[in-house]
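The next block holds one structure in the form of structure tokens; read it before the comments.
Hydrogens, waters and symmetry mates are skipped; everything else that's a heavy atom, side chains included, is used.
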Amino acid sequence: MPSLHPPCIFILEKLQLSSHSHSTDIFHKGKKRKGKKTAFGSTDMMSIRRRNLFSRITLLLFGFLACFTSSEAAIKKYQFYIQVKNVSRLCHAKPIVTVNGMYPGPTIYAREGDRVLVNVTNHAQYNMTIHWHGLKQYRNGWADGPAYITQCPIQTGNSYTYDFNVTGQRGTLWWHAHILWLRATVYGAIVIMPKQGTPFPFPQPDREQTILFGEWWNSDVEEVEKQGNQMGLPPNMSDAHTINGKPGPLFPCSEKHTFAMEVELGKTYLLRIINAALNDELFFAIAGHSMTVVEVDAVYTKPFTTEAILITPGQTTTVLVQANRVPGRYFMATRPFIDVPIPVDNKTATAILQYKGIPNTVMPALPQLPAPNDTAFALSYNQKLRSLNSPQFPANVPLKVDRKLFYTIGLGKDSCPTCINGTRLLASLNNISFVMPKVGLLQAHYFNTKGVFTTDFPDKPPTPFNYTGAPLTANLKTSQGTRVSKIAFNSTVELVLQDTNLLTVESHPFHLHGYNFFVVGTGVGNFDPAKDPAKYNLADPVERNTVGVPTGGWTAIRFRADNPGVWFMHCHLELHTGWGLKTAFVVEDGPGPDQAVLPPPSDLPPC
């Protein structure tokens with residue numbers, strides 16, 4: 001039986017009370033009570049009571065049944081205990097931070113229109129926040145979760161309840177820690193079903209499965225990050241990739257740490273794929289089986305069939321897979337896409353697609369993944385992603401733009417006398433490396449606290465140059481500060497993200513909190529404002545919350561700033577975020593009473 005919501009429990013209690021009073025009142029001492037003369041003739045007290053009781057029980061029963069027929073769309077409650085647990089992978093056991101002792105963490109299930117309450121109680125030694133990646137949190141940045149942007153973290157021994165509505169969204173999203181590098185182990189899926197009676201706009205699958213990609217370090221992840229920062233160098237790369245927390249049998253001590261999915265011949269399976277890796281874009285394929293992409297970032301797409309997918313950290317991709325091959329065992333495999341010569345964990349994680357009745361002794365076949373540096377596949381795959389743009393699920397692309405922004409993505413070096421080379425790496429947008437505040441930006445904005453941030457983030461880089469020409473190692477005098485951009489409510493924004501060859505070109509997955517956006521254009525080389533906008537797709541561009549900026553190229557996105565609050569925008573490579581590749585938008589309140597940031601909850605953690 002589904003879990004009961006509080007109104008249903010109240011009705012059930014009333015039903016029990018009614019039935020109890022029925023037995024005691026009517027059959028009190030086994031005597032009949034005298035009735036009264038009514039307009040309808042003579043009756044007795046017992047029949048009156050019976051009628052009243054019958055009416056009351058009938059009303060309550062209808063209410064009780066409504067609890068189950070109203071699509072269970074009331075409140076979904078979850079309890080997250082942040083706790084440290086010993087976990088073993090790759091012949092190494094170590095304590096890791098988990099939710100409810102699970103790695104990966106529990107899946108949040110909801111339906112479009114539900115209200116979700118997640119009480120997070122922190123029993124770990126680290127401060128903690130949870131981000132509900134891709135949920136728009138309309139007017140409700142207090143539930144968004146990035147540390148020091150929308151809240152101060154939950155300290156050890158304390159709790160905070162994330163309270164949010166799932167409005168106008170359905171599909172695959174995910175949640176993760178949003179402080180330090182703790183999302184290495186603190187992450188899980190969010191599955192949002194459509195409203196009751198609303199079918200998928202693609203063939204109904206027989207079953208579904210969540211597939212989460214991650215990374216595993218044999219060492220303590222927080223120590224790895226700290227050591228890198230102290231040396232001024234990139235920290236050690238991960239020791240393995242994982243599928244549902246397991247690296248698969250190509251790694252030592254991993255026979256029992258292999259995820260297997262059983263399928264039946266002739267059935268169709270929906271795979272909800274999530275890239276929770278910290279620092280790697282990943283290819284994914286299933287030996288002998290093609291996939292039909294039907295949704296990305298909880299937005300339906302025009303279906304297309306592919307032998308492999310590309311997915312950046314932060315993105316989700318939902319595919320249909322038909323179990324229509326010779327029954328056997330087939331490897332599902334993932335490994336990084338990297339088209340520049342920088343060190344990455346290039347090892348392949350595997351899981352097994354196993355047909356029912358096939359013994360485990362059968363050796364699985366490996367899929368043909370694209371080459372690690374297959375830029376052509378990456379560009380071609382992303383070009384195929386299109387919004388469904390149906391009458392029921394339209395693509396409301398802003399055609400007129402009120403505000404044009406141009407942000408350059410750069411790496412650089414900063415003086416650091418204690419570091420190995422006397423310098424440390426930093427990253428910047430428009431030559432500004434973001435400095436995290438000591439209090440939440442949303443609180444500072446809501447209460448008009450001075451001195452926490454400035455709203456003078458430039459709309460374009462201060463010094464134009466040949467962004468993707470010969471590698472530049474010159475110091476452009478990168479500045480550091482907590483500088484954000486103020487956006488007028490309900491204005492339309494176009495943002496062009498331009499990769500640069502400062503130290504090196506590299507692809508960057510950018511995530512915008514609080515919004516979906518349309519990817520209207522992308523290209524290699526320098527963005528040309530005179531020619532490139534003419535090539536934009538304004539009819540059915542893909543809509544998502546995280547987009548990959550191609551190596552040595554650019555991406556143009558558009559969105560309507562109709563969600564007031566403070567919204568983080570950052571590279572979803574944890575390495576680059578830590579170096580300062582981030583900023584925030586302060587979207588002003590609108591004129592209406594339901595167009596302003598909601599008041600903060602009473603249990604918002606203090607700084």
Side-chain angles (χ1 to χ4, degrees), residues 78 80-109 124 126 128 130-131 133 172-178 180-191 208-222 224 237-262 269 271-284 286 311-317 331-336 345 347-354 360 364 572 574:
Y78 289 87
F80 277 17
Y81 292 109
I82 309 298
Q83 51 195 203
V84 174
K85 181 184 178 184
N86 275 324
V87 170
S88 177
R89 296 288 187 274
L90 309 184
C91 321
H92 289 74
K94 67 168 188 176
I96 65 170
V97 182
T98 69
V99 171
N100 301 346
M102 298 168 65
Y103 168 66
T107 299
I108 295 282
Y109 291 97
Y126 302 104
M128 177 59 66
I130 303 288
H131 170 49
H133 186 114
T172 309
L173 295 171
W174 66 299
W175 58 265
H176 59 84
H178 212 303
L180 307 172
W181 277 29
L182 291 171
R183 76 175 175 91
T185 57
V186 180
Y187 63 89
I190 301 173
V191 174
E208 61 178 75
Q209 176 66 54
T210 301
I211 304 285
L212 287 135
F213 302 145
E215 289 180 87
W216 172 267
W217 278 260
N218 288 330
S219 304
D220 182 296
V221 177
E222 294 310 311
V224 168
M237 69 186 83
S238 55
D239 296 289
H241 291 103
T242 57
I243 298 177
N244 289 349
K246 300 173 178 181
L250 304 186
F251 288 88
C253 303
S254 295
E255 281 293 334
K256 65 178 180 180
H257 297 307
T258 301
F259 173 73
M261 173 184 168
E262 186 179 82
Y269 295 83
L271 302 188
R272 300 180 180 275
I273 303 166
I274 298 161
N275 187 353
L278 268 72
N279 294 310
D280 290 332
E281 294 188 52
L282 296 167
F283 291 121
F284 173 74
I286 306 171
I311 184 167
T312 75
Q315 290 182 338
T316 72
T317 303
F331 270 132
M332 302 187 272
T334 184
R335 75 162 176 231
D345 169 12
K347 296 178 283 294
T348 302
T350 53
I352 296 172
L353 186 94
Q354 183 160 338
N360 291 346
H572 222 277
E574 210 60 41

Just do the side chain to side chain contact (heavy atoms under 4.5 Å, CB included) check on Val221 and Ile96 with the steps written out, would you? CA-CA 9 Å; Val221 177; Ile96 65 170; over 6 Å; no
Okay, side chain of Ser254, backbone of Pro252: is any donor-acceptor separation there less than 3.5 Å? yes
Which label fits His176 and His572: parallel for a plane angle under 30°, tilted from 30 to 60°, or perpendicular past 60°? perpendicular
Between NE2 on residue His92 and SG on residue Cys253, distance to nearest 0.5 Å: 9.0 Å
What heavy-atom pair brings Ser88 and His257 nearest, and what distance separates the two atoms? O-NE2, 3.2 Å
Over 12 non-hydrogen atoms of neighbours within 6.0 angstrom of OH in Tyr81: no
Under 3.5 Å, is there a donor-acceptor pair between the side chain of Lys246 and the main chain of Phe259? no
Assess whether side chain to side chain contact (heavy atoms under 4.5 Å, CB included) is satisfied between Arg272 and Trp174, documenting all intermediate values. CA-CA 10 Å; Arg272 300 180 180 275; Trp174 66 299; over 6 Å; no
State the CZ-CZ distance between Arg335 and Phe283, to the nearest 0.5 angstrom. 8.0 Å
If you compare all heavy atoms of Met128 against all heavy atoms of Leu182, which two are closest, and at what distance to 0.1 Å? CE-CD1, 3.7 Å
Taking atom NZ of Lys347 as the centre, does the number of heavy atoms from other residues, nucleotides or ligands within less than 6.0 Å exceed 12? yes
Aromatic ring proximity Trp175/Phe80, centre distance under 6.0 Å: yes
Over all heavy atoms of both residues, which pair between Tyr103 and Val87 is shortest? Give the atoms and the distance, please. CD2-CG1, 4.4 Å
Out of Thr317, Ile190, Thr172, Asn244, which one pairs with Ile274 under the side chain to side chain contact (heavy atoms under 4.5 Å, CB included) rule? Thr172
In this structure, CG of Asn275 is separated from CD1 of Ile311 (nearest 0.5 Å) by 5.5 Å
Distance (rounded to the nearest 0.5 Å) between Glu574 CD and Leu180 CG: 9.0 Å
Shortest non-hydrogen contact from Arg89 to Asn218? O-OD1, 4.0 Å
Are any side-chain N or O atoms of His133 and backbone N or O atoms of Gly314, one a donor and one an acceptor, separated by less than 3.5 Å? yes
Looking at CE of Met261 and CD1 of Ile286, how far apart are the two atoms once the value is rounded to the nearest 0.5 Å? 7.5 Å
Testing the basics here: between Ala349 and Ile243, what is the closest heavy-atom pair and its distance to 0.1 Å? O-CD1, 3.9 Å
Quick check: does any side chain N or O of Tyr187 sit under 3.5 Å from a backbone N or O of Ala277, one acting as donor and the other as acceptor? no
Backbone N/O of Thr334 and side chain of Thr348: donor-acceptor pair under 3.5 Å: no
Calculate, to the nearest 0.5 Å, the distance between atoms OH and CD1 belonging to Tyr126 and Ile82 respectively. 13.5 Å
With side chain to side chain contact (heavy atoms under 4.5 Å, CB included) as the test, would you mind laying out the steps for Thr185 and Thr98 before giving the verdict? CA-CA 6 Å; Thr185 57; Thr98 69; 5.7 Å; no
Nearest atoms (heavy-atom pairs only) where Leu278 meets Glu215: N-OE2, 2.6 Å
Within 45 degrees of the axis of the six-membered ring of Trp217 and under 6.0 Å from its centre: does Lys94 put its NZ or CZ there? no
